[in-house]
Structures are given as structure tokens and as C-alpha cells.
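In this chain, residues are counted from 1 in sequence order.
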Amino acid sequence: MKKLLFFVCAIALFSCSTSNKSQDTTNADAPMNSAGFVINRGINISHWLSQLYGTRGQQATFFTKDDVRLLDSLGYDHIRLPIDEENLWDENGKPIAEMFDYLKKAIQWSLEYNMRVIVDLHIIRSFHFNAGNDGKVNRLFTDPKEQKKFYKLWETLSDSLKSFPESMVAYELLNEPDAPTPEDWNKLVAGGIKTIRAREPERVIFVGSNKWQITSTFPDLKVPKGDKNIILSFHSYEPLLFTHFRADWTEFKDFNDSVSYPTIITQEVFDRNTHFTQGNSPEFFKEALQTFSPEKYEKMFQPAIIKARELGLQLYCGEFGALPTTQREHRLQYYKDIIEAFNKNNIAYAAWDYKGNFGIREWDTGTQQNGALDSELSNILTGKK
């Protein structure tokens, strides 16, 4: 999964089968788009065309039609498919034919099983959601040349994918934007949507809010008025000290005290780990003193829920999940609670991820290999009893 220290800002601001899918009414009351792109429960296909940590050169085997067949049988109705510029375009901006072929194959496999696809532009050369933590600088929001290049990427994607049915394939403009100001992101949203609409007037476009799609920034998000083929998307990984327990990419990676759920740490644990409450970590530890529940998640989601209702648009959580480094029963309860909040508020969702550290496939950190399916977790995600 991704490095997630960017959620400091978020926390500070917060202080089955095809036939079964066709009968699913989880989001029956949610606003519908005119394109007929209907989704409920999905999963992210990470590390295949994006973030190739150890999977580069394994595209022919890492994700195949058999995986789509399995996901369909488990009851997922869509996949979110992250793609990176460096994997699909060379440094001169020329599309890499082999990788575009894999993208199209994934869509074709999904169509065979009546599964919808969200093509998510995850990382581009001028923007990485985690650039700050890696000591790098994003140029997308300050360099007009990079913005034109961003629009060009979408022109190429649209020209390549526009033959696929609008009811089955949608686009996500950019994963987890981190613009200096809300208006910097809003301007890029307007330009990106305009670029796609010039080629595909009815294609569904997913748009998240600034600062990594956290819900608290939704009041500042602007999308074109009257465009009902837009779906608003947020991400949720709270409480981070629990969902990312022992994650080696966080500032609290060496925190090895006890965590639990629904209350993540006790005051005693907090007090004896004050050496972690430097830099960005204090917010994570303060948050961890709270008790989580479906009601708490619903309250945290309110800014996004309110914005979606105001605009009459569907709301979607494109990423959430917890590492299997905590007690299993606590981890599963986290999933039950957050999904209960999604379902109560007609929020469609896609878990992070299928194969990976957070995955529904067992993960061996020593061999970096996936093992057996975690059926119990998958059943929670898909609502199977």
C-alpha cells in the first residue's frame, strides 16, 4: 500500500455472482448517473499497473482473467484499477503499447463478468501523493506545462478507452491530489473534466477533494454544475495508528506497544510513548485515544455526505483498509464498522486491496508472495453471511 503520513492534515482537521450483483440494492437510494454506471462493492487492483513494488515484469501473471473470475464469484461488482504514467507512457510521452494492452485486457475481462471498472490515474511524473514524505516536490499545480501534459494524458486515455461502454467503464481524474490551495485543485478539476468531456460527454468521472481526498476538505471542492455523470470520491484510513500498525513507511513504524479496537490505545500506552509524539505523530496518537464505531465514521464522513447531497451526486470511498498486523478479531471489527457506515449512507466503496499488504489474499512479508484467500474478510467486504 501507499505511504500515508499525508493524513496528518486529515486528522488535524477532523480533531457473489453476476446474478447476485444484479439484485443488489445496497445503494438503491443513491443518486444515479445518466450513464448507468452503477457500483456498490469493489476492490483495488494495486501493484499491477501502478506502484510496481516487486511486480515489475510480472504483469502477465500477477493479475489475470482468473482473478476477475474469482472476484466476480466472491460478489464484487467492480474494480478500481490504478495506473501510473511511468508504466503506461515513456519519458517522451509515447504510450507503451504492451501496458495499454494489459489495461484494455483487464477491462475486457471485467466486461465478460459484468464487472465495472474505474480507471484511476494514480501517479504521474509531475505528481505523487506522497512526494512530501519522500523529500520530493510536485510540479503539477505550479507549472502550466505540466498541467497541459496532464490534460494530454487524459486525451490519450480517452482516445484509447472511449469505445468501452459508458455504463461499464469510468475514469478517476487523479488519485489523492495535494494542491497548495483548494483553488489550485479546482482549476485542474475543471480543466481535466473539460478535456474528457470534449471527447466523451457522458463518461462518468470520479473526483476527490484536495489533501488526499480527505472528507474535511469537501466543502472547498468545486465541480461543474449540472454534470450528473460525476461521482465524488473520498479515502479513509482512520484510525491510522491502528490501520497502519507497524507499517515501515510511517513515522511511528517503531511503535510496538499494544493496540486494540474500537479504542486503539489507553492513556497509559499514550503516556509511555511520548517519544513518538514529536513531528507529525501527536495527532495519530491523540486520535487513537478515541473510541471508533459506525456512528463515529458516519460523523467523520459528514462533510463529504453533505457535499454529495447538495450536488445530487453519488458518494464513493475509493480506498480504506487495515494491515493484518493487529489482532484479527479487532481488524475484522474495523471492517464491519466502517462498512456499516458506508451502507447506512449509500456510499459505494472499494477496499484497498486485492493482492498486497492490506489484501484479501494472505501476504507473506518474508517471501513477498500472496497465499490463500481470506474468505472471512472478503465476505465482510461483500456483505455475504
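- The pair Glu146-Arg139 meets the salt-bridge criterion, with a side-chain N (NZ, NE, NH1 or NH2) lying under 4.0 Å from an Asp/Glu carboxylate O.
- In this structure the side chain of Ile347 reaches within 4.5 angstrom of the side chain of Ile305, judged on heavy atoms.
- A salt bridge links Lys162 with Asp159; the closest basic N to acidic carboxylate O contact falls under 4.0 Å.
- Using cut-offs of 30° and 60° on the angle between ring planes, the pair Trp185 and Phe141 is perpendicular.
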Requested in this report: Check the pair Asn175 / Arg80 against side-chain hydrogen bond (donor to acceptor under 3.5 Å, both in side chains), numbers first and verdict last.
Outcome: CA-CA 11 Å; Asn175 178 71; Arg80 181 173 180 257; 2.9 Å; yes
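- A pairwise comparison of heavy atoms in Pro219 and Ser216 identifies CD-O, 3.4 Å as the closest pair.
- By the 30° and 60° cut-offs, the orientation of the rings of Phe270 relative to Phe285 is perpendicular.
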Report task. Show your reasoning for whether ring pair (Phe, Tyr, Trp, His ring centres under 6.0 Å) applies to His47 and Tyr53. Result -> CA-CA 7 Å; His47 311 306; Tyr53 308 145; 5.5 Å; yes
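- We find that Arg197 and Asp227 are joined by a salt bridge, their nearest charged nitrogen and carboxylate oxygen being less than 4.0 Å apart.
- Between Phe218 and Pro303, the shortest heavy-atom contact is CB-O, 3.8 Å.
- Residues Ile39 and Gln314 share a closest heavy-atom pair of O-NE2, 3.7 Å.
- The six-membered or imidazole ring of Tyr349 lies away from that of Tyr316, with a centre-to-centre distance of 6.0 Å or more.
- Between the side chains of Glu200 and Tyr171, a donor-acceptor pair is found at a separation under 3.5 Å.
- For Trp89 and Phe100, the ring centers sit closer than 6.0 Å to each other.
- Atom CD of Glu329 has more than 12 heavy atoms from other residues, nucleotides or ligands within 6.0 Å.
- Neither side chain, Asn33 nor Arg203, offers a donor N or O lying under 3.5 Å from an acceptor on the other.
- Rounded to the nearest 0.5 Å, atoms CG (Leu188) and CG (Leu173) are 6.5 Å apart.
- Classification of Glu298 and Lys344 as a salt-bridged pair holds, one side-chain N sitting under 4.0 Å from a carboxylate O.
- A donor and an acceptor atom, one from each side chain of His122 and Asp120, are located under 3.5 Å apart.
- Note on Lys65 versus Glu112: salt bridge recorded, some NZ/NE/NH1/NH2 to OD/OE distance being below 4.0 Å.
- Taking the six-membered ring wherever Trp is involved, the centroid distance between the rings of Phe150 and Phe127 does not fall below 6.0 Å.
- Aromatic rings of His78 and Phe37 (six-membered ring for Trp) have centroids beyond the 6.0 Å cut-off, not under it.
- Aromatic pair Tyr102/Phe63: centroids not less than 6.0 angstrom apart.
- Here the side chain of Asn138 pairs a donor or acceptor atom with the backbone of His128 at under 3.5 angstrom.
- A donor-acceptor distance shorter than 3.5 angstrom exists from the side chain of Asp90 to the backbone of Asn92, with no hydrogens or angles considered.
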**Report entry** Worked check of side-chain hydrogen bond (donor to acceptor under 3.5 Å, both in side chains) between Asn229 and Ser34
**Finding:** CA-CA 6 Å; Asn229 283 326; Ser34 62; 3.0 Å; yes
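- Looking only at atom types and distance, the side chain of Glu183 has a donor-acceptor partner in the side chain of Asn186 under 3.5 Å away.
- Under a hydrophobic clustering in which Ile, Leu, Val, Met, Phe, Trp and Tyr are joined whenever their side-chain heavy atoms come within less than 4.5 Å, directly or via other members, Leu52 and Trp48 fall into different clusters.
- Salt-bridge check for Lys211 with Glu176: failed, with every basic side-chain N at 4.0 Å or more from each acidic carboxylate O.
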Report task. Before giving the answer on side-chain hydrogen bond (donor to acceptor under 3.5 Å, both in side chains), spell out for Arg331 and Tyr261 the whole-Å C-alpha distance, their side-chain angles and the decisive distance to 0.1 Å. Result -> CA-CA 8 Å; Arg331 183 184 184 225; Tyr261 186 91; over 6 Å; no
Report task. Take Tyr297 and Asp337 through the side-chain hydrogen bond (donor to acceptor under 3.5 Å, both in side chains) test and state the conclusion after the steps. Result -> CA-CA 8 Å; Tyr297 284 115; Asp337 283 358; over 6 Å; no
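- Checked by atom type, the side-chain pair Glu155/Thr195 shows no donor-acceptor distance below 3.5 Å.
- Taking the six-membered ring for Trp, His244 and Trp352 have ring centres at least 6.0 Å apart.
- No hydrogens or angles considered: nothing links the side chains of Asn40 and Tyr76 as a donor-acceptor pair under 3.5 Å.
- The pair Asp66-Arg69 meets the salt-bridge criterion, since a charged nitrogen lies less than 4.0 angstrom from a carboxylate oxygen.
- A 6.0 Å sphere centred on NZ of Lys149 holds more than 12 heavy atoms belonging to other residues, nucleotides or ligands.
- Contact check on Asp77 versus Arg116 returns no salt bridge, with no Lys/Arg side-chain nitrogen under 4.0 Å from an Asp/Glu carboxylate oxygen.
- Ser50 and Asn87 are not linked by any side-chain donor-acceptor pair at a separation below 3.5 angstrom, with hydrogens and angles left out of the test.
- Outside the 6.0 Å centre-distance limit, the rings of Phe252 and Phe245 are not counted as a close aromatic pair.
- By the criterion of side-chain heavy atoms lying less than 4.5 angstrom apart, applied directly or through intervening Ile, Leu, Val, Met, Phe, Trp or Tyr residues, Leu377 is grouped together with Leu373 in one hydrophobic cluster.
- The ring of Tyr334 has its center no closer than 6.0 angstrom to the ring center of Phe292.
- Arg56 and Glu86 are joined by a salt bridge, as a carboxylate oxygen and a charged side-chain nitrogen come within less than 4.0 angstrom of each other.
- The two residues Glu85 and Arg125 make their nearest non-hydrogen contact at OE1-N, 2.7 Å.
- Side chains of Gln302 and Thr215: no donor on one and acceptor on the other come within 3.5 Å.
- Salt bridge Asp374/Arg328: present, at least one basic N to carboxylate O contact under 4.0 Å.
- A salt bridge links Glu268 to Arg272: at least one charged side-chain nitrogen sits closer than 4.0 Å to a carboxylate oxygen.
- A salt bridge links Asp67 to Lys355: one of the charged nitrogens lies within less than 4.0 Å of a carboxylate oxygen.
- Note: the hydrophobic cluster containing Ile214 does not contain Ile306 (ILVMFWY, side chain heavy atoms under 4.5 Å, direct or indirect links).
- At distances below 3.5 Å, not a single donor-acceptor pair connects side-chain atoms of Ser160 with backbone N or O atoms of Thr156.
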